[in-house]
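To keep things clear, I will list the structure first and then write my remarks on it.
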Protein chains: 2
Amino acid sequence: MNVCSCVYVIDKIMEVDRIKLEKAAYLLKALAHETRLCVLKHLSQTKEKSVSDLMEEVGCEQSLLSHHLTDLRAKGILNSRREGQRNLYSINNEEIIPLLECIFNYCK
Amino acid sequence: MNVCSCVYVIDKIMEVDRIKLEKAAYLLKALAHETRLCVLKHLSQTKEKSVSDLMEEVGCEQSLLSHHLTDLRAKGILNSRREGQRNLYSINNEEIIPLLECIFNYCK
DNA sequence: TAGACACATGAACATACATTCATATGTAAT
DNA sequence: ATTACATATGAATGTATGTTCATGTGTCTA
């Protein structure tokens, strides 16, 4: 392996790291809010929940909650589907549940 | 147990939850930045590092990095001690390392 | 004790995020 | 078709966060 390809490999490694850090920062920003964490906590216990269910459980006003939910959905953390008048939200990727557990566990 | 003490217990549970959510949100906000994650990643590999070491490794300008470090220290995530002219930073509570691993692992 | 080095600090500014309010949309029931 | 219900959306505003720049502080060396 010559000097050039070495540099290339190092660049690639650095790049992968940078991308991972970026992703992690993006994810953490998405999670870093009491209301959103509360939503996720509730949704990790039950499959899906309507906005009104969450409003009660989370104790958050309709519009504000909706903004948070839209946000979490846009960022790929939640899913939603309609059922009649209601909009049911659920966790998109279950792998986030152990991560949440890990976070809450750290915050003893 | 009468109604009153039941309500009291429920309040207590809710309170604990709310506090945990608050703590978690606070922690995640502290972590949710590429530069800060990068610092933590480097510090979880080596015991301590000076600001200049971190400047190079993280690729961040002196003053800005210093602000981030001060911040992380104020929030109890990092420690620092002087050694001559240098200021050595380290991770305050090692329990954060598996948490970071968990986060990076999720961000595959 | 003067200069260099390593780092911290504070004010000013820029950018992003959270919240509120008014209103729109989509579905269901009458 | 009209009304009510569940939710989404957008603009306006407030608040927090990140960044830069100029300068301050502590320590070492000559």
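In what follows, chains carry the letters A, B, and so on, assigned in the order in which the sequence lines appear, proteins first and then strands, with residues in each chain numbered from 1. All values below come from the heavy atoms of this structure, side chains included, with hydrogens, waters and symmetry mates left out.
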In whole angstroms, the gap separating C1' of C:dC7 from CZ of B:Arg81 amounts to 16 Å
Indicate yes or no: at least one non-hydrogen side-chain atom of A:Met55 is less than 4.5 angstrom from one of A:Cys60.
-> no
What integer distance in Å separates B:Leu65:CG from D:dG18:P?
-> 14 Å
Among the candidates C:dC7, C:dA8, D:dT19, find the nucleotide nearest to the side-chain atoms of B:Tyr89.
-> C:dA8
Might you work through the side-chain contact (heavy atoms from CB on, under 4.5 Å) test for A:Tyr106 and B:Asn93, ending with a clear yes or no?
-> CA-CA 10 Å; A:Tyr106 176 86; B:Asn93 176 0; 3.9 Å; yes
Of A:Leu69 and B:Ala32, the one whose closest nucleotide on DNA chain D sits nearer the 5' end is A:Leu69
Between A:Asp71 (CG) and D:dA8 (C1'), how many Å, whole number?
-> 13 Å
Tell me, yes or no, whether the heavy-atom count around A:Gln45 atom CD, taken from other residues, nucleotides or ligands under 6.0 Å, exceeds 12.
-> yes
Nucleotide of D:dA6, D:dT19, C:dC7 approaching A:Arg86 most closely (side-chain heavy atoms) | D:dA6
Which part of the nucleic acid, if any, lies within reach of B:Ser66 when heavy atoms closer than 4.0 Å are counted: base, sugar-phosphate only, or nothing?
-> base
Integer-rounded Å distance: C:dT15 P and A:Lys29 NZ = 15 Å
Round to the nearest Å and state the distance from A:Glu61 atom CD to D:dT7 atom C1'.
-> 12 Å
Quick one: is B:Arg36 getting a side-chain N or O under 4.0 Å of the D:dG18 phosphate, OP1 or OP2?
-> yes
Using only side-chain N and O atoms of B:His33, determine if any of them is under 4.0 Å from OP1 or OP2 of D:dT19.
-> yes
Does B:Lys108 offer a backbone N or O that forms a donor-acceptor pair with the side chain of A:Lys23 under 3.5 Å?
-> yes
Over how many whole Å does the gap from B:Leu72 atom CG to D:dT17 atom P extend?
-> 13 Å
Pairs under 3.5 Å (N/O, protein and nucleotides 22-30 of chain C):
unit_1 : atom_1 : unit_2  : atom_2 : d
C:dT27 : O2     : A:Gln85 : NE2    : 3.4

May I have the distance from A:Leu37 (atom CG) to C:dA18 (atom C1'), rounded to whole angstrom?
-> 15 Å
Quick one: A:His68 NE2 to C:dT20 P, roughly how many Å, whole number?
-> 9 Å
Between the base of D:dT17 and the side chain of B:His67, is there a donor-acceptor distance below 3.5 Å?
-> no
Is there a side-chain contact between A:Val58 and A:Thr35 (heavy atoms, below 4.5 Å)?
-> yes
Validation row: A:Leu72, A:Arg36 side chains within 4.5 angstrom (heavy atoms) = yes
Measure from NZ or CZ of B:Lys75 to the centre of the six-membered ring of B:Tyr26 and say whether it is under 6.0 Å with the direction within 45° of the ring axis.
-> yes
Of all the choices, D:dA6, D:dT20, C:dT19, which nucleotide is nearest to the side chain of A:Ser52 once you look at every atom?
-> D:dA6
